[in-house]
Amino acid sequence: RMVIDRYDLQILDTLQRTGRCTSVELADLVHLSASQCQRRMKKLEDSGLIMQYVALLDAHSLGLQVEAIVSVTLSSQGGNPAEQFRQVIAQHPEILECHAVTGEEDYVLKVITHNLKEFSDFLMEHLMSLPIVASVRSNVLLQQLKSTTALPLNNLIQSAKQP
């Protein structure tokens, strides 16, 4: 595990909120020289702490109007249903997330589609029709109260030692 200090955490926190800032702007925000900041960013990227840089898109502006949480329970019959399920979900870009979970269901998916018909077709044709799927339960999301990709680093930053 990589040892990170207060400056590294400040870089990570700033990049989470303003990933498009230049390295000079980032250096100013975290009070380092541009070259120090660049070296630290490279170290954070190489270590895997920074996994990738992305643009977050507005789904509704793109016509993706229906988001749902879908719980899936697999049957316990034949072969390796978990591996078969992984292969199926990898083929569907409308599945934004898939998590193996504890509890009654085996997996929870976050799915996005253009409309309810497309969502219904996805459920019926691509999930419920699979022999390895025992049951599917879905909840359409009505209103987004909070959404973030930023990890909570404030407590880590406050408790981190100076380099």
Side-chain angles (χ1 to χ4, degrees), residues 1-72 74 80-103 105-114 118-119 122 126-127 130 132 138-163:
R1 183 175 168 199
M2 183 179 137
V3 176
I4 57 176
D5 63 21
R6 180 183 206 90
Y7 287 116
D8 294 326
L9 288 167
Q10 288 175 326
I11 289 170
L12 292 171
D13 189 51
T14 303
L15 285 174
Q16 284 189 120
R17 291 180 285 107
T18 57
R20 199 162 179 208
C21 66
T22 67
S23 57
V24 172
E25 292 168 332
L26 181 61
D28 284 343
L29 290 169
V30 299
H31 310 292
L32 290 171
S33 71
S35 61
Q36 287 176 312
C37 193
Q38 280 289 87
R39 279 194 300 276
R40 286 174 176 269
M41 283 179 60
K42 176 81 170 112
K43 179 181 74 167
L44 293 166
E45 291 165 358
D46 291 346
S47 73
L49 274 172
I50 297 175
M51 298 185 316
Q52 64 180 331
Y53 297 92
V54 299
L56 299 176
L57 307 179
D58 183 343
H60 289 275
S61 295
L62 293 167
L64 296 162
Q65 301 295 319
V66 176
E67 288 183 80
I69 302 298
V70 179
S71 300
V72 178
L74 300 183
N80 185 348
E83 181 54 35
Q84 291 173 8
F85 188 69
R86 279 188 203 96
Q87 291 173 8
V88 169
I89 62 165
Q91 298 171 10
H92 293 283
E94 57 269 83
I95 300 173
L96 300 180
E97 299 177 28
C98 177
H99 304 272
V101 296
T102 60
E105 292 87 12
D106 297 313
Y107 296 94
V108 173
L109 314 175
K110 183 175 182 183
V111 177
I112 191 163
T113 61
H114 288 94
E118 191 176 291
F119 177 65
F122 168 76
H126 299 290
L127 279 184
L130 293 171
I132 57 172
S138 64
N139 293 294
V140 173
L141 305 179
L142 298 177
Q143 183 181 34
Q144 186 176 79
L145 302 177
K146 181 179 180 180
S147 176
T148 184
T149 60
L151 298 176
L153 299 180
N154 288 342
N155 288 341
L156 294 174
I157 291 170
Q158 292 169 0
S159 64
K161 296 179 181 169
Q162 292 292 336

Inset, instruction - Given side chain to side chain contact (heavy atoms under 4.5 Å, CB included), test V111 with L96 step by step and report yes or no. - result: CA-CA 6 Å; V111 177; L96 300 180; over 6 Å; no
Inset, instruction - Please round to the nearest 0.5 Å and tell me the distance separating atom CD of E94 and atom CZ of F119. - result: 10.5 Å
Legend entry - Nearest heavy atoms of Y7 and H31, plus distance in Å: CE2-O, 4.0 Å
Inset, instruction - Provide the closest heavy-atom pair for C98 versus I89 in the form atom of the first, atom of the second, distance. - result: SG-CD1, 3.4 Å
Legend entry - Salt bridge present between R86 and E83 (N-O < 4.0 angstrom): yes
Legend entry - Side-chain heavy-atom pair V24, L26 within 4.5 angstrom cut-off: no
Inset, instruction - Verify the distance criterion only: is there a donor paired with an acceptor across the side chains of Q36 and S33 at less than 3.5 Å? - result: yes
Inset, instruction - Answer yes or no: is there a donor N or O on one side and an acceptor on the other, between the side chain of D28 and the main chain of E25, under 3.5 Å? - result: no
Inset, instruction - List the atom of D8, the atom of V3, and the distance in Å for their closest heavy-atom pair. - result: OD2-O, 4.2 Å
Inset, instruction - Answer whether the closest heavy-atom distance between the side chains of D106 and F85 falls below 4.5 Å. - result: no
Legend entry - Between CD on residue Q10 and CG on residue L153, distance to nearest 0.5 Å: 10.5 Å
Legend entry - salt bridge (charged side-chain N to carboxylate O under 4.0 Å, His left out) partners of residues 56-69, not counting sequence neighbours, each pair once: E67-K110
Legend entry - Spatial distance of atom OG (S138) from atom CD1 (I69) [nearest 0.5 Å]: 10.5 Å
Inset, instruction - Decide yes or no for V72 and V108: does some side-chain heavy atom of the first lie under 4.5 Å from some side-chain heavy atom of the second? - result: no
Legend entry - Modelled atom types, side-chain donor and acceptor of Q65 and H60, under 3.5 Å: yes
Inset, instruction - Working to the nearest 0.5 Å, report the span between CZ of R17 and OG1 of T14. - result: 5.0 Å
Inset, instruction - Compare all side-chain heavy atoms of D46 with those of K42 and state whether any distance is below 4.5 angstrom. - result: yes
Inset, instruction - State, yes or no, whether a side-chain contact exists between Q16 and L151 at a heavy-atom distance under 4.5 Å. - result: yes
Legend entry - Nearest heavy atoms of I112 and A59, plus distance in Å: CD1-CB, 3.5 Å
Inset, instruction - For G63 and H114, work out which heavy atoms get closest and say how close. - result: O-CD2, 3.1 Å
Legend entry - T18 side chain vs L15 backbone, donor-acceptor pair below 3.5 Å: no
Inset, instruction - Determine, for R6 against D13, whether the closest basic-nitrogen to carboxylate-oxygen distance falls under 4.0 angstrom. - result: no
Inset, instruction - Decide yes or no on side chain to side chain contact (heavy atoms under 4.5 Å, CB included) for L9 and I11, but give the supporting numbers first. - result: CA-CA 5 Å; L9 288 167; I11 289 170; over 6 Å; no
Inset, instruction - Nearest 0.5 Å please: distance from the CD1 atom of I4 over to the CG atom of L12. - result: 6.0 Å
Inset, instruction - Tell me whether the centres of the aromatic rings in F122 and H92 are closer together than 6.0 Å. - result: yes
Legend entry - CD on Q38 to CZ on R40, rounded to 0.5 Å: 13.0 Å
